[in-house]
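Below you'll find the structure, written out as structure tokens, and then a few comments.
What you see is a predicted model; the values in this text were computed from it and never measured. A, B, ... follow the sequence lines: proteins, then strands. Residue 1 opens every chain.
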Protein chains: 2
Amino acid sequence: MAKPSPTHAGNPILIKLGKRIRQLRESQGLSQESVALASGLDRSYFGGVERGEHNVAVINLEKIALALDIKIVDLFERK
Amino acid sequence: MAKPSPTHAGNPILIKLGKRIRQLRESQGLSQESVALASGLDRSYFGGVERGEHNVAVINLEKIALALDIKIVDLFERK
DNA sequence: ATGTGACTCAAAGTCCGTG
DNA sequence: ACACGGACTTTGAGTCACA
């Protein structure tokens, strides 16, 4: 695991964010590894994000959005 | 400062986010202190966010959005 | 009412590996 | 290609005192 963080463990907003990211990634036929690489994040970390295990900070949101060729808001809201 | 983090020092996206938060807060005639209190964050920390000094994570974005009675996406995009 | 420096500490995030 | 884990370093979270 990316570390069981008691403070945000299973926080709905993170779960939702992770699902959304996975959805967007899969809709482009990309692997976790390729997106992780493209965004400059660790593959293991990125996997954890999709599983809602990380309280991702803004700069990483941006990196992920960029790697998926979308905007940050698209990570939170369906167009 | 709340700590000069080399990784995000003066990052445009954080500066922009901070300005946006300040704008939204002031448009409601609220003080940093009241919003900080409402969001459960420290006044000093919240001030730093408005100055773009913090690479805020999702959970805190949510708290701030809630205290301002808006959505997370509104923090990134003008409606 | 706000900005800032100094500080602690838990968590963010990396790097190595496994099935 | 992905989930998961251990051990590790860096940084975000949160608080305080003072200008």
Without swapping roles, check the side chain of [X] against the backbone of [Y] for a donor-acceptor pair under 3.5 Å.
X       : Y       : value
A:Glu50 : A:Lys19 : no
B:Asp74 : B:Lys71 : yes
B:Asn55 : A:Ala57 : no
B:Ser34 : B:Leu30 : no

**Fill in**
Of all heavy-atom pairs linking B:Leu75 and B:Ala65, the shortest is CD1-CB, 4.1 Å
**Request:** For A:Glu77 and A:Arg20, work out which heavy atoms get closest and say how close.
**Result:**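 The pair with the smallest heavy-atom distance is O-NH2, 3.5 Å.
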Starting the side chain at C-beta, find the nucleotide from [options] nearest to [X].
X       : options               : value
A:Gln32 : D:dA3, C:dG3, C:dA1   : D:dA3
B:Asn60 : C:dC15, C:dA1, D:dA13 : D:dA13
B:Glu33 : D:dG5, C:dT4, C:dA1   : C:dA1
B:Arg25 : D:dT15, C:dT2, C:dT4  : C:dT2
A:Asp42 : C:dG5, C:dC15, D:dG14 : C:dC15
B:Ser31 : C:dG13, D:dC4, C:dT2  : C:dT2
A:Arg43 : D:dA13, D:dA3, C:dT14 : D:dA3

Could you state the [atom1]-[atom2] distance from [X] to [N], rounded to the nearest angstrom?
X       : N      : atom1 : atom2 : result
A:Asn55 : C:dG13 : CG    : C1'   : 12 Å
A:Asn11 : C:dA11 : CG    : C1'   : 14 Å
A:Leu14 : C:dA12 : CG    : P     : 9 Å
A:Leu41 : D:dC2  : CG    : C1'   : 17 Å
B:Ile59 : D:dG12 : CD1   : C1'   : 12 Å
B:His54 : C:dG3  : NE2   : C1'   : 11 Å
B:Ile64 : D:dA13 : CD1   : P     : 9 Å
B:Glu53 : C:dG3  : CD    : P     : 9 Å

**Complete:** Of B:Ala57 and B:Glu50, the one whose closest nucleotide on DNA chain C sits nearer the 5' end is B:Glu50
Tell me whether the side-chain N/O atoms of [X] come closer than 4.0 Å to OP1 or OP2 in [N].
X       : N      : result
B:Tyr45 : D:dA13 : yes
A:Arg22 : D:dA1  : no
A:Arg51 : D:dA3  : yes

**Prompt:** Which part of the nucleic acid, if any, lies within reach of B:Gly40 when heavy atoms closer than 4.0 Å are counted: base, sugar-phosphate only, or nothing?
**Reply:**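 Result for B:Gly40 = nothing.
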**Message:** Tell me if the side-chain of A:Ser44 makes a donor-acceptor pair with the base of C:dC16, cut-off 3.5 Å, by modelled atom types.
**Reply:** no
